[in-house]
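Following: one structure in structure tokens, then a few remarks.
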There are 2 protein chains.
Amino acid sequence: MSLPHALLTSLLERPSSGYDLARRFDSSMGFFWRASHQQIYRELARMEQAGWVRVDGDSGNARKKVYAVLPAGRAELLRWVAAGGEVPVVRDPLLIRLRADAILGPLDLADQLRDRLADHERRLAAYEAIADRDFGDGDGADRTARVRRAILDAGLRFERNGAQWCREVLAILDDEARAGA
Amino acid sequence: MSLPHALLTSLLERPSSGYDLARRFDSSMGFFWRASHQQIYRELARMEQAGWVRVDGDSGNARKKVYAVLPAGRAELLRWVAAGGEVPVVRDPLLIRLRADAILGPLDLADQLRDRLADHERRLAAYEAIADRDFGDGDGADRTARVRRAILDAGLRFERNGAQWCREVLAILDDEARAGA
DNA sequence: CAACCCATGTAAAAAGTTACATGATTAA
DNA sequence: TTAATCATGTAACTTTTTACATGGGTTG
């Protein structure tokens, strides 16, 4: 499982509450890992049990629990990073739908592809904004910045590639719509 | 859930046993959906219960159960295709590892990136072989072939893009290895 | 004072993974 | 005759999703 390690990484960057982490998993981190707040709260509780994190002296708000990584958590993260091995799973229902379309005949998927394209473009714009803000100045960058930039590039590439594919498929579907009209 | 609909699509193409389906999910179909044989057998049993498929007169082998789609299954598939809506989840542990590397300092990830690159290249070669075999002759293709080709293109693009990204990241990591030596 | 964001959880259901289990057929 | 592949399943466990639940603080 990778969620606890994603959380450890985030907490090493900056001690945070479950709520803060949930928001980060919704936005910037969301493109390579997603998790609901329920998952995050449960996992934080487990990690505290395991002695990987502790609740810091909360700042101001009585309900807010700010977690920080303990040495055991750091060790566990390093162990997991070195272990490697998992291959990410790809699962795209839209491709199943396209396959059904190929077998059963035209199933009117152009709108769904347009939605997907808009999705890619929206995220691409968001990532480009982050790129401009955080890496805009150029290449006087240190190692940390270069690696972080590489992570962002994975997202940029993914969205650009996905958008371009959507356009190609739409060209096929729109073409036949014209021919059929 | 999309697994039953992936199965319905496969069964519409050709009535098959759970074992056949499991093999297809391991190979050609594997790039956009994966499922273990346990999942598949359980799901086929549910689908039979629901009246979406039935066991065909088995051919020869007494143990083999060949499933075929019933009208209710076809209707369910069409309903699900039209419904749309899900956004595929992206979850890549390697990006979490890279993030840990950015925060904690060099964590020796070059080998893992080389493994990932080899993985992309291996799958790319497999998809290109399928492309040559099934779509090699050119563009005198009918609609079904064009849509099927579009599905394969999603895989080709994904692997090419992933491989290219790996090479970029390796350039960064190898660069600093040389500088550090 | 209403609406919205902050903040944390519980419970149940669905989906996916891992381990275990069995037996037939086929090719070397 | 032994090993590989065909063929189907059960059971236990883990992970993820969805629905439900509560209450404080802030701003218009």
Side-chain angles (χ1 to χ4, degrees), chain A residues 1-7 10-11 15-27 29-30 32-50 53-67 80 85-93 96, chain B residues 1-8 10-11 15-27 29-30 32-50 53-67 80 83 85-93 96:
Chain A
M1 205 207 352
S2 309
L3 177 56
H5 305 98
L7 293 171
S10 279
L11 291 177
S16 315
S17 67
Y19 187 85
D20 290 336
L21 291 165
R23 276 199 313 182
R24 263 188 273 168
F25 273 75
D26 257 2
S27 58
M29 258 200 103
F32 61 92
W33 207 270
R34 256 173 260 183
S36 61
H37 74 271
Q38 293 93 331
Q39 255 182 298
I40 290 168
Y41 286 126
R42 185 155 22 89
E43 207 54 53
L44 285 172
R46 275 187 209 160
M47 289 160 72
E48 195 184 3
Q49 277 283 314
V53 296
R54 70 180 163 83
V55 177
D56 245 1
D58 43 13
S59 51
N61 194 330
R63 288 159 59 87
K64 189 169 183 171
K65 291 161 81 172
V66 176
Y67 289 87
W80 176 84
E86 314 95 326
V87 177
V89 195
V90 182
R91 275 185 178 134
D92 190 346
I96 299 177
Chain B
M1 204 204 0
S2 309
L3 177 56
H5 305 98
L7 293 170
L8 285 171
S10 279
L11 292 176
S16 314
S17 67
Y19 188 85
D20 290 336
L21 290 166
R23 276 199 315 181
R24 263 187 274 168
F25 274 73
D26 257 2
S27 59
M29 258 200 105
F32 61 91
W33 207 269
R34 256 173 260 182
S36 61
H37 75 271
Q38 293 93 334
Q39 255 183 298
I40 290 168
Y41 286 126
R42 185 154 24 90
E43 207 55 52
L44 284 171
R46 275 188 211 158
M47 288 159 73
E48 195 184 3
Q49 277 284 315
V53 296
R54 72 180 162 82
V55 177
D56 244 1
D58 43 14
S59 51
N61 193 329
R63 288 158 58 86
K64 189 169 183 172
K65 290 161 81 173
V66 175
Y67 290 87
W80 175 83
E86 314 95 326
V87 177
V89 195
V90 182
R91 277 184 176 136
D92 190 347
I96 299 177

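These values consider heavy atoms only, across backbone and side chains, with no hydrogens, waters or symmetry-generated copies.
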[N], OP1 or OP2 - any side-chain N/O from [X] closer than 4.0 Å?
X     : N      : value
B:K64 : C:dT25 : no
A:Y19 : C:dC6  : yes
A:S17 : C:dC6  : no
B:R23 : D:dA7  : no

Can you check whether [X] reaches [Y] side chain to side chain, under 4.5 Å on heavy atoms?
X     : Y     : result
A:K64 : A:D20 : yes
B:Y67 : B:V55 : yes
A:P4  : A:R46 : no

Problem - Residue whose nearest DNA chain D nucleotide is more 5′ - B:G18 or A:S36 - result: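 Whichever sits nearer the 5' end wins; that is B:G18.
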
Atom-to-atom span, [atom1] of [X] to [atom2] of [N] - whole angstrom:
X     : N      : atom1 : atom2 : answer
B:R42 : C:dA14 : CZ    : P     : 12 Å
B:Q38 : C:dT22 : CD    : P     : 16 Å
A:R91 : C:dA14 : CZ    : C1'   : 13 Å
A:E43 : D:dT14 : CD    : P     : 12 Å
A:R34 : D:dT15 : CZ    : C1'   : 16 Å
A:R46 : C:dT10 : CZ    : C1'   : 14 Å
A:K65 : C:dA7  : NZ    : C1'   : 11 Å
A:Q39 : C:dA14 : CD    : C1'   : 13 Å

[X] side chain, from C-beta outward: closest of [options]:
X     : options               : value
A:Y41 : D:dT15, C:dA7, C:dT17 : C:dA7
B:L3  : C:dG16, D:dG9, D:dT15 : C:dG16
A:D20 : D:dT15, D:dT17, C:dA7 : C:dA7
B:H37 : C:dC6, D:dT8, C:dT18  : D:dT8

Problem - Most 5' of B:W33 and A:Y67 on DNA chain C, judged by nearest nucleotide - result: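 The 5'-side residue here is A:Y67.
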
Practice task
Heavy atoms only: give me the nearest A:P93-B:W80 pair and the separation to one decimal.
Solution key: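 Nearest heavy atoms, A:P93 then B:W80: O-CH2, 3.7 Å.
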
Problem - Residues B:D26, B:R23: salt bridge by 4.0 Å N-O rule - result: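 Here B:D26 does not pair with B:R23 in a salt bridge, since their nearest N and O are not under 4.0 Å apart.
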
